[in-house]
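Okay, structure first, notes after.
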Number of protein chains: 2
Amino acid sequence: MVTIKDIAKAAGVSYSTVSKALRDSPLVKPPTKKKIVNIANELGYQPNVAARSLVSKKSDTVGVVWPTVERAAHAALITKINDQLENHGYTTLLSINKVEAAINTFNRLQVDAILMFNDQGQDGPDTPLPSNVPILSYGIAKNPLYPTVDVNRRDAIKLAVHTLVDIGHKNIAFIGDMSQRDQLQDEKVSGFTEGMKERFQEATADVLIPASGLELYDGYLAMKKFLQAGKTTTAVVSGSYDLTRGVIRALNEYNLSIPKDVSIISYDNIPQTNTFEVPISLVGVPNDVITSTITDALLNMINKKQVPQSIVLEPEIKLNESCLALE
Amino acid sequence: MVTIKDIAKAAGVSYSTVSKALRDSPLVKPPTKKKIVNIANELGYQPNVAARSLVSKKSDTVGVVWPTVERAAHAALITKINDQLENHGYTTLLSINKVEAAINTFNRLQVDAILMFNDQGQDGPDTPLPSNVPILSYGIAKNPLYPTVDVNRRDAIKLAVHTLVDIGHKNIAFIGDMSQRDQLQDEKVSGFTEGMKERFQEATADVLIPASGLELYDGYLAMKKFLQAGKTTTAVVSGSYDLTRGVIRALNEYNLSIPKDVSIISYDNIPQTNTFEVPISLVGVPNDVITSTITDALLNMINKKQVPQSIVLEPEIKLNESCLALE
DNA sequence: TTGTAGGCGTTATCAG
DNA sequence: CTGATAACGCCTACAA
């Protein structure tokens with residue numbers, strides 16, 4: 001391993017000068033600095049994080065607690081957060097251990113902050129885990145122990161409903177996972193029923209299309225079943241990206257056109273690459289908003305600035321030709 | 001932050017004694033040891049990795065390079081490897097950065113070994129990245145720069161074909177992703193054609209069912225198209241778990257029973273929880289084999305033992321009632 | 001502008 | 001068995 005001492009020797013200066021030069025301190029004459037940097041590169045110098053963080057008490061690293069790799073749910077988020085933090089000079093490290101173990105690890109590693117992905121719908125730890133490092137949580141836990149960022153799913157669906165009603169739709173269906181296994185999915189359902197109730201005085205029976213999961217095939221199957229039963233609707237609000245893809249397939253099979261026969265709005269954190277075959281209107285908090293909120297919060301925590309105990313992000317709607325106004 | 005010095009003060013011993021006690025050294029009298037350990041717990045002592053690895057040159061940590069969180073492909077593997085390493089006292093850290101950056105990070109962090117998930121089918125870096133830390137690669141790259149563990153997909157499919165032929169099947173179909181986007185999928189296809197060729201002297205036209213992806217719906221669609229065209233087969237070899245699920249749905253729709261009408265063998269690293277609706281015969285290298293091979297290799301590298309430059313794992317077949325012998 | 005010295009928390013090597 | 005003491009690689013006053 002090559003150390004600053006090696007560089008110092010090679011450059012014929014003292015190693016503290018090397019240290020300064022490498023940190024780009026103004027206390028070193030440009031030519032000396034340049035020479036040192038060159039030598040460092042030639043030698044393939046890698047600063048030793050251990051040594052550095054021992055003295056400086058920080059590691060320029062943030063740890064991400066991610067107990068469920070299996071569910072690729074947050075993959076897009078974490079990728080982006082990783083990039084953003086990198087732009088600020090921080091390195092992101094993930095742990096797929098249990099929350100307690102992961103937080104423990106990150107504490108020992110002296111990361112500068114911890115981002116905890118709250119296993120959506122599950123409840124987190126109920127006693128505040130001992131941590132010297134500030135922790136931010138994405139996704140609300142039953143009992144919020146840490147500053148938390150979350151998106152408002154209920155309002156998102158509600159927004160979709162209101163939008164459709166306001167352009168003349170009356171017969172609106174919601175397709176989603178209604179197994180009640182997942183609290184977050186339940187919120188979407190109630191967003192729908194509440195949204196309808198708010199617009200229609202008289203009680204209308206809610207048209208719910210229950211899917212047995214969140215996969216493409218689930219959406220396909222549920223929608224097909226709905227159509228097979230001879231039911232109709234002028235507009236569908238869909239609970240997730242993949243379900244929507246399934247819905248589209250089913251509609252295609254029945255030669256129903258979007259939006260002529262049915263309008264459609266899909267819940268999602270608006271994805272960077274819109275891979276829908278046809279453009280689809282989307283509701284939700286855009287990924288950019290989520291990620292930069294999280295990144296900002298993390299940086300603030302690192303710099304010991306105040307961070308709100310709870311940040312709830314409000315949805316936006318991106319309407320396009322997948323919605324037809326009825327007169 | 002509480003250090004061994006704090007503990008020393010509280011226990012009325014020197015801090016070097018504390019260090020020994022905490023490392024469970026035999027050089028400390030049991031009662032003293034016990035007392036020290038107790039105090040450490042009370043104070044919530046967390047050893048400082050930075051300090052430790054600074055002197056001991058190791059961090060009891062292995063880094064995993066995982067540039068593509070998006071594709072949850074290896075989620076099951078990594079979870080298991082994480083557990084196994086933990087049992088050996090190692091902590092696993094993931095980086096989702098680009099390979100170069102990730103390796104760099106892990107070097108600075110002084111991890112004890114690096115596991116690189118080779119983004120299947122893509123080619124890795126072509127010049128050996130400078131690393132003081134030993135690197136193990138899972139999945140063969142174009143030009144293998146590091147010791148590599150991989151599974152033999154070609155032989156797996158071949159094994160399935162041979163098995164079916166040997167129990168009397170002649171009309172065997174293969175369903176898989178034939179878009180040729182992914183080298184690994186291509187290997188499966190050639191495993192099929194080669195397997196057939198080896199059993200049937202006279203050239204038989206290969207029955208290939210092309211799916212346009214690897215999702216459940218892709219399998220469903222492809223199989224349905226096949227059946228709709230009036231084609232038949234007595235046995236299907238499927239290229240992946242999800243495709244197989246789709247195939248089953250399609251067969252159900254056509255009231256074809258497994259195995260009475262069609263036998264089926266699915267490629268897969270045998271999953272821990274068999275979530276198939278009906279039991280399905282599987283070929284592939286069991287996950288346990290893969291993960292413990294990797295874990296062993298990593299531990300060997302850490303202990304500076306020799307590790308073969310290339311380990312290719314051979315498939316196994318788990319036959320069950322999804323295959324019917326024809327007479 | 002550069003060099004010297006002290007210390008960060010731990011481990012390891014000696015003396016006691 | 002226990003206690004000093006010297007590293008480990010780096011940073012940061014402070015001195016030259």
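Chain letters run A, B, ... following the sequence lines, proteins first and then strands; every chain starts at 1. As the structure is a computational prediction, the values presented were derived from the model and not from experiment.
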Subject >> Mutual orientation of the aromatic rings belonging to A:Phe117 and A:Trp66 [parallel < 30°, tilted 30-60°, perpendicular > 60°] >> reply: tilted
Original post:
So what does A:Ser53 hit on the nucleic acid, given a heavy-atom distance under 4.0 Å: a base, only sugar-phosphate, or nothing?
Top reply: nothing
**OP:** Please work out if A:Lys20 contacts a base, only the sugar-phosphate, or nothing of the nucleic acid, heavy-atom cut-off 4.0 Å.
**Re:** base
**OP:** Shoot me the first and last contacting nucleotide of DNA chain C against chain A, ordered 5' to 3', at under 4.0 angstrom to non-hydrogen atoms.
**Re:** C:dT1 to C:dG9
Original post:
Base, sugar-phosphate, or nothing for B:Ser16, non-hydrogen atoms under 4.0 angstrom?
Top reply: base
Original post:
Between B:Asn82 and B:Ile78, is there a donor-acceptor pair closer than 3.5 Å when you use the side chain of the first and the backbone of the second?
Top reply: no
Original post:
Does B:Thr61 reach the main-chain N or O of B:Ser59 with its side chain, forming a donor-acceptor pair under 3.5 Å?
Top reply: yes
Subject >> Boundaries of the chain B footprint along DNA chain D (any atom under 4.0 Å from a heavy atom) >> reply: D:dC1 to D:dG9
**OP:** With sequence neighbours excluded, tell me which residues meet side chain to side chain donor-acceptor pair (under 3.5 Å) with A:Lys20.
**Re:** none
Original post:
Closest nucleotide of DNA chain C for A:Val55 versus for A:Val13: which of these residues is on the 5' side?
Top reply: A:Val13
Original post:
Start at the 5' end of DNA chain D and walk down; is the nucleotide closest to B:Thr17 or to B:Leu54 reached first?
Top reply: B:Thr17
Original post:
What is the nucleic acid contact for A:Ser19, judged by heavy atoms within less than 4.0 Å: base, sugar-phosphate only, or nothing?
Top reply: base
Subject >> side chain to side chain donor-acceptor pair (under 3.5 Å) partners of A:Ser14, counting only residues at least two apart >> reply: A:Ser16, A:Thr17
Subject >> Sequence-distant partners of A:Glu187, side chain to side chain donor-acceptor pair (under 3.5 Å), two or more places apart >> reply: none
**OP:** Check the side chains of A:Asn107 and B:Gln46 for a donor-acceptor pair under 3.5 angstrom, ignoring hydrogens and angles.
**Re:** no
Original post:
If each of A:Leu27 and A:Arg23 is mapped to the nucleotide of DNA chain D with the nearest heavy atom, which maps nearer the 5' terminus, i.e. the 5' end?
Top reply: A:Arg23
Subject >> Residues that B:Thr91 engages under side chain to side chain donor-acceptor pair (under 3.5 Å), provided they are two or more places apart >> reply: none
